[in-house]
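What follows is one structure encoded as C-alpha cells, with my remarks underneath.
Since the model is a prediction, treat every value here as computed from it, not as a measurement.
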Amino acid sequence: MAAGVVHIPWYATGFRGDDLAEALEHVSTIALRYNARSYVVYRARDDRYKFLQVLEFETKLDWERYWEGRELIEFRVNCSGWFQVPVVYGWQDVVCRGFGPGAGDGEAPTSSPAVNEGESA
C-alpha cells in the first residue's frame, strides 16, 4: 500500500500568526502517535499568516484517526479564533521522493517511487 501525504493550508487571523505556528508545531508532533511517517509545517515568508501543514501517513485510516482524534478536536475548538475557516485538506499519493546530499538522514541521494495500489481517497 502506498503512503499518502495530507496538505492542510492554514491562514491565521490578525495577530495570531505566532500563536498558530506554536499550536501547529504541537499538534503536528502528535501525528506520530497516529502512525505518521513524518510531518512538516511551512510558514510563508511573504505572508506570515499563511501556513502549510504536511503530514505523511501509511494509510488514510491513520490520517482520519488523527484528524478526528481527541487532540485535534481540542485544537480546533481551543484555537478556533486563530485561523480562518473552512479548513480544507487534500490527500495526496506519494509518487516519488528524493533527497540531495546533506538532506534527510545524511545518506547519499535516493529516490523511492511509490505505486498507488488502489487505496481509495
For the student: nearest non-hydrogen atoms of [X] and [Y], plus distance:
X: Thr13; Y: Tyr49; result: O-CE2, 3.4 Å
X: Gly17; Y: Arg43; result: C-NH2, 3.4 Å
X: Val87; Y: Pro9; result: CG1-O, 4.1 Å
X: Tyr34; Y: Glu71; result: OH-OE1, 2.6 Å
X: Arg16; Y: Gly81; result: CG-O, 4.5 Å
X: Asp19; Y: Trp82; result: O-CZ3, 3.6 Å

May I ask whether [X] and [Y] are part of the same hydrophobic cluster, defined by side-chain heavy atoms of I, L, V, M, F, W, Y residues being less than 4.5 angstrom apart, directly or through others?
X: Leu32; Y: Val6; answer: yes
X: Tyr89; Y: Leu20; answer: yes
X: Trp67; Y: Val88; answer: no
X: Val54; Y: Tyr11; answer: no

Side chains of residues 22-30: which donor-acceptor partners sit under 3.5 Å, not counting sequence neighbours?
from  : atom 1 : to    : atom 2 : distance (Å)
Ser28 : OG     : Leu24 : O      : 2.7
Ser28 : OG     : Gln53 : NE2    : 2.8
Thr29 : OG1    : His26 : O      : 2.6

Exercise. Go through Trp10 and Val41 one step at a time and tell me if the side-chain contact (heavy atoms from CB on, under 4.5 Å) criterion holds.
Key: CA-CA 10 Å; Trp10 299 92; Val41 177; over 6 Å; no
Quiz item: How about Asp18: does its CG atom have over 12 heavy atoms from other parts shown lying under 6.0 Å from it?
Solution: no
Self-check item: Trace of the side-chain contact (heavy atoms from CB on, under 4.5 Å) decision for Phe51 with Phe83
Solution: CA-CA 10 Å; Phe51 296 87; Phe83 56 87; over 6 Å; no
Self-check item: Separation of Tyr66 OH from Phe57 CZ (nearest 0.5 Å)
Solution: 6.5 Å
Quiz item: What distance do Leu55 atom CG and Asp62 atom CG have between them, rounded to the nearest 0.5 Å?
Solution: 12.0 Å
Quiz prompt | Under the side-chain hydrogen bond (donor to acceptor under 3.5 Å, both in side chains) test, residues paired with Tyr42 that sit two or more places apart | solution = none
Quiz item: Pairs in or reaching into residues 73-82: which pass salt bridge (Lys or Arg N to Asp or Glu O under 4.0 Å), with residues at least two apart or in two chains?
Solution: Arg70-Glu74
